[in-house]
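Treat the numbers as computed from the prediction; the structure is a model and nothing was measured.
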Amino acid sequence: FSSCMNPGLLEQLSIAIGRQCRPGTIIITTEFPLFLTGHIDQLEDDESMPSGDYEIELLEKIDGWCWLMGGESTAYIHRVKSSLSNLYGGPRERPRLSLEEE
């Protein structure tokens, strides 16, 4: 449920989707929509991560009953229009910690 997310976390989720998901990817959130456009800045400590603009479109907003919440809930259905996925380079390898760092 995105109702548990503050606007900053929703923005970071939107940036991650704009960086990694291919155009055409469908994303569903509840209660709050994603940020539909944005610019992803270059990371200072990792120049291999792509930077640039992304766009997500809101396809539909659906209101309905949610038994888990015990009331009305809103679902937002989004589709990635443009992203940096072709520049992302796929899954990244997690760095291994040394014995001292563990």
Side-chain angles (χ1 to χ4, degrees):
F1 290 100
S2 55
S3 60
C4 300
M5 300 179 191
N6 64 37
L9 187 55
L10 274 171
E11 181 178 27
Q12 290 303 310
L13 177 61
S14 301
I15 287 171
I17 289 168
R19 178 177 278 138
Q20 300 174 40
C21 292
R22 290 184 224 156
T25 301
I26 301 292
I27 301 105
I28 301 172
T29 62
T30 56
E31 309 318 327
F32 298 104
L34 296 170
F35 284 64
L36 300 180
T37 60
H39 180 79
I40 301 170
D41 293 327
Q42 182 67 52
L43 296 177
E44 290 180 22
D45 58 345
D46 190 351
E47 293 182 12
S48 69
M49 292 293 277
S51 61
D53 297 327
Y54 70 89
E55 184 176 1
I56 300 169
E57 67 178 319
L58 180 61
L59 298 176
E60 195 168 351
K61 174 185 169 190
I62 303 170
D63 294 317
W65 179 260
C66 177
W67 66 268
L68 187 60
M69 299 288 290
E72 190 81 11
S73 187
T74 303
Y76 295 89
I77 303 172
H78 308 81
R79 179 174 45 212
V80 176
K81 284 187 76 172
S82 62
S83 71
L84 306 178
S85 65
N86 61 330
L87 305 172
Y88 184 65
R92 302 181 58 85
E93 189 174 314
R94 178 179 280 184
R96 296 189 182 264
L97 297 175
S98 68
L99 290 175
E100 295 80 27
E101 293 173 311
E102 286 185 0

Leu36, Leu84, Ile40 screened by side chain to side chain contact (heavy atoms under 4.5 Å, CB included) with Tyr54, the one that passes: Ile40
Hey, what do you get for CG (Asp41) to NE2 (His39), rounding to the nearest 0.5 Å? 4.5 Å
Are any non-hydrogen side-chain atoms of Tyr76 and Leu34 less than 4.5 angstrom apart? no
Looking only at non-hydrogen atoms, find the nearest pair between Gln42 and Ser48 and report the distance. NE2-N, 4.4 Å
Taking all non-hydrogen atoms of both residues into account, name the closest pair between Asn6 and Leu9 and its distance. OD1-N, 2.8 Å
Look at the side chain of Ser14 and the backbone N and O of Leu10, then say whether any donor-acceptor pair between them is shorter than 3.5 Å. yes
Measure the shortest side-chain to side-chain distance between Ile17 and Arg19 over non-hydrogen atoms and say whether it is less than 4.5 angstrom. no
Does Ser85 use its side chain to pair, donor to acceptor, with the backbone of Gln20 at less than 3.5 Å? no
Would you say the side-chain atoms of Thr74 and Asp63 include a donor-acceptor pair closer than 3.5 Å? yes
Can you tell me if Ser73 and Glu31 form a side-chain donor-acceptor pair at under 3.5 Å? yes
Check whether His78 reaches the backbone of Leu58 with its side chain - one donor and one acceptor, N or O, closer than 3.5 Å. no
Within the structure provided, determine whether Pro23 and Ser83 are in side-chain contact (heavy-atom separation under 4.5 Å). yes
So which residues get pulled into Ile26's cluster when ILVMFWY side chains under 4.5 Å apart are joined, directly or through others? Ile28, Leu59, Ile62, Ile77
Sorted by chain and number, sequence neighbours left out, side chain to side chain donor-acceptor pair (under 3.5 Å) with Glu55 holds for none
Testing the basics here: between Leu87 and Pro50, what is the closest heavy-atom pair and its distance to 0.1 Å? CB-CB, 3.7 Å
Is it the case that the side chain of Glu57 and the backbone of Val80 share a donor-acceptor pair, with hydrogens and angles ignored and the cut-off at 3.5 Å? no
